[in-house]
Amino acid sequence: MADQKASNPSALIDARIAELGDWRGEALARVRTLIHRAIPEVAETWKWRGVPVWEKDGIVCTGESYKSAVKLTFAKGAALDDPAGLFNASLDGNVRRAIDIHEGGAIDEAAFMALIQAAAELNAAKPRRR
């Protein structure tokens, strides 16, 4: 069963959410639901020794959990329009942008789902590297 879980990224993400067992797990579960609503065909992967990743034609975003935040890093965030101002971290990078969710923090669900969709559309519009 452990091997089956290790080869199933969705099960690993389920386990991470349960393992957190606090507001961070709730936040990660909530954004995961929103990501699936925004892109029903999104693929869940598990990379870099324990980071949930959502992909559609490339990485859309990652979902890292830290002591004081759940960080959603968008691989090509600098190329995305963010009219709602959701990006609040990693703003100085050349490519990535992130959203840090802190305890008690809320996220504009409609704006977040639009950002997720825009990230997937950007991935689909650019030719993949070989």
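All figures in this text were calculated on a predicted structure; none of them were measured in a lab.
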Handout entry: Pairs touching residues 78-101 that satisfy ring pair (Phe, Tyr, Trp, His ring centres under 6.0 Å), sequence neighbours left out
Key = F74-F87
Practice task
Taking all heavy atoms of L122 and all of A79, pick out the closest pair and write down the distance.
Solution key: CD2-CB, 3.7 Å
Fill in the blank from the handout: Tracing side-chain contacts under 4.5 Å among Ile, Leu, Val, Met, Phe, Trp and Tyr outward from V95 reaches none
Problem - Summary of salt bridge (charged side-chain N to carboxylate O under 4.0 Å, His left out) pairs that have at least one residue in residues 71-95, sequence neighbours excluded - result: K71-D100
Problem - Test item: V70 and E64 side chains (from C-beta on) under 4.5 Å apart, heavy atoms - result: no
Handout entry: Spatial distance of atom CD1 (I99) from atom CG (L115) [nearest 0.5 Å]
Key = 5.5 Å
Handout entry: By side-chain contact (heavy atoms from CB on, under 4.5 Å) - contacts of E41 (at least two apart)
Key = I39, K56
Exercise for the section: Check side-chain hydrogen bond (donor to acceptor under 3.5 Å, both in side chains) between D22 and all other residues, then give those that pass, not counting sequence neighbours. Expected result: R24
Problem - Check: N8 and W46 side chains under 4.5 Å, non-hydrogen atoms - result: no
Practice task
For atom CZ of R96, decide whether the heavy atoms of other residues, nucleotides or ligands shown that lie under 6.0 angstrom number more than 12.
Solution key: no
Exercise for the section: Any side-chain hydrogen bond (donor to acceptor under 3.5 Å, both in side chains) involving residues 26-40? Give me the pairs, sequence neighbours left out, ordered by first then second residue. Expected result: D14-R32, R30-E109, R32-E44, H36-E44
Practice task
Decide side-chain contact (heavy atoms from CB on, under 4.5 Å) for W54 and T62; before the verdict, give the C-alpha distance in whole Å, the side-chain angles of both, and the deciding distance to 0.1 Å.
Solution key: CA-CA 6 Å; W54 291 274; T62 65; 5.9 Å; no
Exercise for the section: Kindly give the cluster partners of V51, where membership spreads through any ILVMFWY side chain lying under 4.5 Å from a current member. Expected result: W48, V53, I59
Exercise for the section: Tell me, please, which residues at least two apart from A114 pass side-chain contact (heavy atoms from CB on, under 4.5 Å). Expected result: none
Practice task
Find out whether C61 and T73 are in side-chain contact, i.e. whether some heavy atom of one side chain is under 4.5 Å from a heavy atom of the other.
Solution key: no
Exercise for the section: Calculate, to the nearest 0.5 Å, the distance between atoms CD1 and CG belonging to I101 and L28 respectively. Expected result: 8.5 Å
Exercise for the section: Go through the steps for R16 and S65 under the test side-chain contact (heavy atoms from CB on, under 4.5 Å), then give the verdict. Expected result: CA-CA 9 Å; R16 170 62 50 83; S65 51; 4.0 Å; yes
Practice task
Quick one: pull up CG in L91 and CZ in R97 and give me the separation to the nearest 0.5 Å.
Solution key: 6.0 Å
Handout entry: Carboxylate-amine/guanidinium contact E55 K47, below 4.0 Å
Key = yes
Handout entry: Residues which pass side-chain contact (heavy atoms from CB on, under 4.5 Å) with A111, listed by chain and number, not counting sequence neighbours
Key = A84, L86, D108
Exercise for the section: Working to the nearest 0.5 Å, report the span between OG of S68 and CD of E103. Expected result: 10.0 Å
Exercise for the section: Can you measure from CD (Q117) to CZ (F112) and round to the nearest 0.5 angstrom? Expected result: 11.0 Å
Problem - Heavy-atom side-chain proximity of I116 to V60 below 4.5 angstrom - result: yes
Problem - Check: N123 main-chain N/O paired with D57 side-chain donor or acceptor under 3.5 Å - result: no
